[in-house]
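Reading through the structure tokens given below for one structure.
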Amino acid sequence: MLKIKNLQVKYKDFTALNIHGEINIKENEIIGIIGANGAGKSTLIKALTNQVAYMGQIEKPKSIAVHLQENPYPNILTCQTIMEGLLKTKLKKDEKLRGLIEFFSFQSMLKKKVTQLSGGQKQRLTLIMVLYQDAPLTCFDEMTAGLDFEARSRLMEKIQEWYSGKDATLLLVTHYFDEIEKLANKLLIIDKGCLVDFGGTGELFKKYIGYSTVIVEGDEEKLALPTGIQIVSDKGKQAFSFANKMEEQEGIKELASLGKKFSISNDNIELIYLNAISQSKKC
Ligand SMILES: Nc1ncnc2c1ncn2[C@@H]1O[C@H](COP(=O)(O)OP(=O)(O)OP(=O)(O)O)[C@@H](O)[C@H]1O
């Protein structure tokens with residue numbers, strides 16, 4: 001479906017992306033692309049969609065639909081005119097478009113101009129047009145950027161509902177790990193323009209963490225458990241990885257006896273990311 005090989009993107013003499021080797025994305029895979037600010041995530045999407053010049057090889061489907069961070073729509077046109085113009089259709093005659101508008105509860109926005117829409121409503125306008133394309137590959141570049149928690153949750157719920165039971169190949173760029181947890185089955189981790197790792201969430205969890213992890217609230221008092229190894233965690237927390245169920249149970253017993261607040265996970269994407277980055281070598 002999508003093959004990326006030795007991809008390099010430069011902005012003048014600054015190398016923004018330098019991916020060695022090959023990344024193969026198969027049909028119906030949903031990939032979460034994660035990395036810090038400036039890691040090169042948007043540059044990768046731009047290379048895939050020919051918005052920047054690149055060196056290397058990209059084999060991709062004929063059409064790719066993209067939901068960008070910002071979409072400059074003409075201010076004077078109504079949403080309906082924008083939709084009809086960009087999608088080259090007429091709402092009256094287009095059942096598919098009407099269905100999408102209804103799905104995203106967008107009927108009452110059709111006569112409004114883009115300047116009259118909230119951030120979440122603007123994102124829905126773009127989503128409707130992106131999903132309408134039914135492209136073999138769809139890229140979402142921070143589709144929930146700038147939205148408050150509620151608007152983001154509502155939009156994510158709709159997207160999840162839309163794709164549930166459907167076959168789709170998606171690339172999702174986001175800083176929100178919960179969005180990836182809900183949708184993606186593979187992760188592509190980028191750091192400073194380099195590929196850190198690419199693989200299934202479960203596979204990468206095993207590689208960087210192990211069997212399971214406990215995340216303990218608070219980092220003032222450094223803990224030492226009878227089993228498990230301390231791993232990199234988010235600020236204000238401590239995390240330990242366990243190699244098997246027995247280790248996990250012993251660790252939990254100790255934490256319970258200490259009266260600590262903790263959670264157990266075997267798929268925490270933030271910890272996969274933090275530990276992958278901390279172990280990665282410069283490319
Ligand atoms: N048009 C440009 N000209 C020069 N440098 C650029 C340009 N666009 C991006 N860069 C630089 O390339 C690097 C990668 O940028 P990119 O936008 O791909 O990062 P990102 O991972 O998407 O970041 P964010 O999470 O902040 O959106 C950054 O250092 C950025 O400053």
Side-chain angles (χ1 to χ4, degrees), residues 2-23 25 29-58 60 64-72 119-120 122-123 126-127 130 137-149 151-152 155-156 159 169-184 186-199 201 204 208 232 234-235 268-283:
L2 176 66
K3 200 184 267 187
I4 299 165
K5 198 171 168 187
N6 298 331
L7 183 66
Q8 201 180 58
V9 178
K10 284 187 169 194
Y11 296 112
K12 293 199 177 132
D13 52 3
F14 172 68
T15 305
L17 201 60
N18 194 9
I19 293 179
H20 295 299
E22 210 171 285
I23 302 171
I25 292 168
E29 285 185 336
I30 301 184
I31 317 290
I33 301 177
I34 51 179
N37 285 125
K41 305 177 297 295
S42 298
T43 301
L44 174 60
I45 302 293
K46 284 179 184 161
L48 297 180
T49 49
N50 287 328
Q51 296 177 69
V52 289
Y54 61 85
M55 283 183 289
Q57 254 174 286
I58 300 178
K60 59 185 180 181
I64 302 180
V66 202
H67 186 302
L68 295 172
Q69 270 183 49
E70 280 175 36
N71 300 278
K122 263 186 225 160
Q123 296 295 37
T126 307
L127 258 176
V130 167
L137 174 66
T138 305
C139 308
F140 294 100
D141 191 355
E142 302 206 34
M143 65 185 139
T144 59
L147 301 186
D148 63 28
F149 179 76
R152 193 166 77 77
L155 198 67
M156 282 316 294
I159 292 170
T169 313
L170 309 178
L171 302 183
L172 308 169
V173 172
T174 177
H175 287 283
Y176 297 106
F177 296 115
D178 60 326
E179 292 181 2
I180 290 180
E181 253 157 39
K182 281 181 188 141
L183 284 165
K186 279 197 167 177
L187 301 176
L188 198 156
I189 307 173
I190 306 181
D191 190 39
K192 300 183 188 82
C194 303
L195 175 71
V196 174
D197 217 328
F198 172 61
T201 310
L204 295 186
Y208 292 106
V232 182
D234 200 10
K235 276 197 193 97
N268 187 300
I269 289 177
E270 185 177 15
L271 286 186
I272 297 175
Y273 169 70
L274 291 173
N275 286 277
I277 295 283
S278 78
Q279 292 174 32
S280 82
K281 297 182 188 83
K282 271 192 102 185
C283 64

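These numbers come from the heavy atoms of this one structure, side chains and all, not from hydrogens, waters or symmetry mates. When a ligand or atom number is given, it counts from 1 through the structure's own listing order. Residue numbers run from 1 in the order of the sequence given. Because the structure is predicted, anything quoted here is derived from the model rather than measured.
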Fill in: Identified side chain to side chain contact (heavy atoms under 4.5 Å, CB included) partner of F140 from the options L171, L172, I45, V66
L172
Discussion item. Taking 4.0 angstrom as the limit and counting only heavy atoms of N37, give me the atoms of ligand 1 inside it, by number and element.
Written reply: 23 (O), 24 (P), 25 (O), 26 (O)
Worksheet item: If you measure from each non-hydrogen atom of K12 to ligand 1, which part falls under 4.0 Å: side chain, backbone, both or neither?
Response: neither
Item to complete: Give the intermediate values and the outcome of side chain to side chain contact (heavy atoms under 4.5 Å, CB included) for residues M143 and T126.
Response: CA-CA 9 Å; M143 65 185 139; T126 307; over 6 Å; no
Discussion item. Tell me whether K46 reaches ligand 1 (any heavy atom closer than 4.0 angstrom to a ligand atom).
Written reply: no
Practice prompt. Check ligand 1 against A39 and write out every atom of the ligand that is under 4.0 Å from a heavy-atom position of the residue.
Written response: 19 (O), 20 (P), 21 (O)
Fill in: ligand 1 N/O within reach of G35 N/O, cut-off under 3.5 Å
no
Worksheet entry | Interfacing atoms of ligand 1 (cut-off 4.0 Å, heavy-atom, T43) | 14 (C), 15 (O), 16 (P), 18 (O)
Discussion item. Among A36, S42, A47, which one puts a heavy atom closest to atom 22 (O) of ligand 1?
Written reply: S42
Practice prompt. Measure E142 to ligand 1 on non-hydrogen atoms and call it side chain, backbone, both or neither using the 4.0 Å cut-off.
Written response: side chain
Discussion item. If the cut-off is 4.0 Å to any non-hydrogen atom of F14, which atoms of ligand 1 fall inside it?
Written reply: 11 (C), 12 (O), 13 (C), 29 (O)
Worksheet item: For ligand 1, which atoms, with element, lie under 4.0 Å from some heavy atom of G40?
Response: 14 (C), 18 (O), 19 (O), 20 (P), 21 (O)
Discussion item. Could you check whether atom NZ of K192 has more than 12 heavy atoms from other residues, nucleotides or ligands sitting under 6.0 Å from it?
Written reply: no
Discussion item. If we check side chain to side chain contact (heavy atoms under 4.5 Å, CB included) with I272, which of these qualifies: L187, I34, I277?
Written reply: L187
Worksheet entry | Point-to-point distance, once rounded to the nearest 0.5 Å, from CG of D191 to CG of D197 | 12.0 Å
Fill in: Y54/L17 under side chain to side chain contact (heavy atoms under 4.5 Å, CB included): CA gap, chis, key distance, verdict
CA-CA 9 Å; Y54 61 85; L17 201 60; over 6 Å; no
Worksheet entry | Option from R152, H175, E179 for which side chain to side chain donor-acceptor pair (under 3.5 Å) with T144 holds | E179
Worksheet item: Does the pair L127 and L155 meet the rule for a side chain to side chain contact (heavy atoms under 4.5 Å, CB included), with working shown?
Response: CA-CA 10 Å; L127 258 176; L155 198 67; 3.6 Å; yes
Practice prompt. State the atoms of ligand 1, each with its element, that fall below the 4.0 Å cut-off from a heavy-atom position in A16.
Written response: 12 (O), 13 (C)
